[in-house]
Amino acid sequence: MKLRFAPSPTGFLHVGGARTAIFNLLHARRHGGTMLLRIEDTDVERSRQRHAEQIISSLQWLGVEWDEGPVYQSDRLERYRERVEELVASGKAYRCYCTVEELEAERAAAEKAGKQWHYSGRCRAIEGDPGEPHVIRFAVSSGTIEFHDLIRGDVQFEGDLIDDFVLLRSDRNPTYHLSVVVDDIDMEITHVARGDDHLSNTPKHVLLFRAFGAAVPSFAHLPLILGSDKKRLSKRTGATSAEEYREMGIVPDALFNFLTLLGWSPGENREIFTRDDSAQWFDLSHVNKAPAVFDPEKLLWMNGQYLMRMSAEQIHPHLLPFLGDGPKTLDDLRTIIDLHKMRARTLREIAEQMAIYFVDDDAIGYDADVVKQHIKGDDLGARLAALHDALASTEPFDVATSEAALRKVAEEQGVSAAKLIHPLRLALTGKGASPPIFDVAVVLGKERSLRRLKELIERLPALG
RNA sequence: GGCGCAUUCGUCUAGGGGUCCAGGACGCCGCCCUCUCACGGCGGUAACACGGGUUCAAAUCCCGUAUGCGCUACCA
C-alpha cells in the first residue's frame, strides 16, 4: 500500500492541505504502507520554489513525515511528454490546434446566446502539422464511468458530459490531469486521498488510468474544511495556513490532533490522543462525508490541554521563538513555565505572562481596576509595612514559610488573609490574576519581592 | 445552467432499523474548589433540514424538495 500527499507550491500549506497530508500519513501508517511527498509544480506561472520549501517546512513542523520524496514534477516533464505520445499513437489522445483565443470567442458567443459551451472535439478528425503550436487532448469516450470512493461509496459520471480535456499544454508542459496519473502509475500509488474538489476530476483520471492500461487506485475524497461562514476557509474567516497557527503559538501536536478530528473520530468519546494512537485507529473509510467548519476556539482549548500536559522540557524549545529579552535557558525558565503552562492557551500567552518576572522592580505598571478594588483603607500602608517586615525576617523564604508569615500578620492585624494577598499580588505582578502569589514570590526571590512590596508602599499615597 | 457531493446541538462529532423523548467535546450559563487566574468537579442550554414512502419499528433504508459546496480552465 502506498499513499501520497501532492501539494502544489502556489502558496503556504493550507490547513485543509495539512489535514489531507495527515489523513494520508495516518492511513499509510495504519496499514503498514508507505508515504510519498510529491510537489505538483506543473503550473509554471504560479509555482514557486520558495512555496515548496515553506510547505515542506510546515509539514516538518507539524510532524507529517514521508518515506519517499519530495519528488518534483518539474523534474519529470520528459516522462509526461513521452507517455502522452503513447496515447496519441494509440489514438486515445490527439493534437488540437485551436487557439485559446478561438475557444474563448466561442465560449463567449455561446454564453451570450445563453447556451452551455463545450469543446466540440473538432480536432479529433484533422491531421495538422505537429510542428505548429498545439495542445494534446484526451479523446473522451461516451459511456458511464464508475468508480468506488472509500468515503462516498460508488460514484458515477457520464462520459458525454466531460469535454476532451487538455493533457499537454501548448508550451509542452503537462496539465495536472496528465502528470498526476502518470505519476500515480509510475510511483505505484494504491490509494489516492485528496480534497473533495477533485471528485469531479476523478472520472477523467479513471479514463487515463485505463488508457494507460494501468490499475485504477482506490480513491478517498475528503470533505472540505470551511470557515465560520460555511464557505471554504479563507482569510476573511480565520487563519488558513499552518504557518499562521505556528506563529500564534499553537504546538504541533495540538494542531495535528485537532485536524485529525475534523471529519474523523476514533469513537468512544476520545478527543485527545497521540499520533501513535490515531495511526492505530485511523481508517479512511470512516471519514465523514460532510464538510467541517474550522473552530479556532476549540483549537485554542486543545492547545491549552496540550500545554498543561507537557513538561517544561517539552515546552521550552517551542517557546524560544516567542521570547523577547530576558533569560532563555531551560534552567532559568523551568519553574516559570510550570507555573504558567496551565494558565495559557498558546505559547505566545505563556511568553507574555512571563514578562512579570523580568521587568525592573520599580517599573511595575499597576492595573487600574485592581488598584481600585484592593487599594483602600487608611491602615493599608501600616499593614503592608508589617507584611514587609515579616517577610523580611522569613528564613528560609519558600512558599510555605512566606504564606505562613503573611497569614500570621493578617491574624495580628485582625484582617482576612485576602486583605494582604491581593495587594501583595498587585505589588509583585501589577495584575489581578497570577499564579499562586507565594510561588511568584519565591520565583522572584526574597530580595526582589521585598523591593516590589516597598515600591507599592511608597506609591500608596499617589494611588489613593 | 449542467453534472456531482453533502445535510445530527452555534461548532466538532457518536450513532450504521428497535437499547436514542439522541451520547461526548468546544462555547455559553450556574454552582463547587480557591489568595486571584487557570485547572478540575457537578449541573444546565442546545440538534436528527423539510415532505413523502418502505417497515411492526427510521436519525439510521428509498424517492422528492430545499439549502450549501465542488467541478464545468492550456489551475491544481
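This one's a predicted model, so the numbers in the text were calculated from it and none came from an experiment. These numbers come from the heavy atoms of this one structure, side chains and all, not from hydrogens, waters or symmetry mates. We name chains A, B, ... by the order of the sequence lines, and we start the count at 1 in each one.
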> Which whole-number value in Å describes the distance from Leu222(A) CG to A6(B) C1'?
Replying inline: 14 Å
>> In this structure, how many angstroms lie between the P atom of U67(B) and the CG atom of Leu226(A), rounded?
In response: 18 Å
Distance-only criterion, 3.5 Å: show the donor-acceptor pairs between side-chain atoms of residues 413-420 of chain A and protein atoms not counting sequence neighbours.
none

> Going by number, which of residues 300-312 of chain A have a non-hydrogen atom under 4.0 Å from RNA chain B?
Replying inline: Trp301(A), Gln305(A), Met308(A)
>> Counting only heavy atoms and a strict 4.0 angstrom limit, can you tell me which residues of residues 418-425 of chain A come near RNA chain B?
In response: Ile421(A), His422(A), Arg425(A)
> Does NZ or CZ of Arg19(A) fall inside the cone over Phe23(A)'s six-membered ring, less than 6.0 Å from its centre and within 45° of the axis?
Replying inline: yes
> With both distances under 3.5 angstrom, what nucleotide forms a Watson-Crick or G-U wobble pair with G17(B)?
Replying inline: none
> With distance as the sole criterion, do the side chain of Asp196(A) and the base of A6(B) form a donor-acceptor contact below 3.5 Å?
Replying inline: no
> Of all the choices, A73(B), U13(B), G70(B), which nucleotide is nearest to the side chain of Trp117(A) once you look at every atom?
Replying inline: A73(B)
>> If the threshold is 4.0 Å, N to carboxylate O, is there a salt bridge linking Glu78(A) and Arg172(A)?
In response: no
> Does Lys231(A) have a side-chain nitrogen or oxygen under 4.0 Å from the phosphate oxygens OP1 or OP2 of C69(B)?
Replying inline: yes
> Do side-chain atoms of Asp164(A) reach the backbone of Val140(A) as a donor and acceptor pair under 3.5 angstrom?
Replying inline: yes
>> Nearest heavy atom decides the nucleotide; on that basis, is Ile151(A) or Leu299(A) closer to the 5' end of RNA chain B?
In response: Ile151(A)
>> So Glu40(A), base contact, sugar-phosphate only, or nothing? Heavy-atom distance under 4.0 Å.
In response: sugar-phosphate
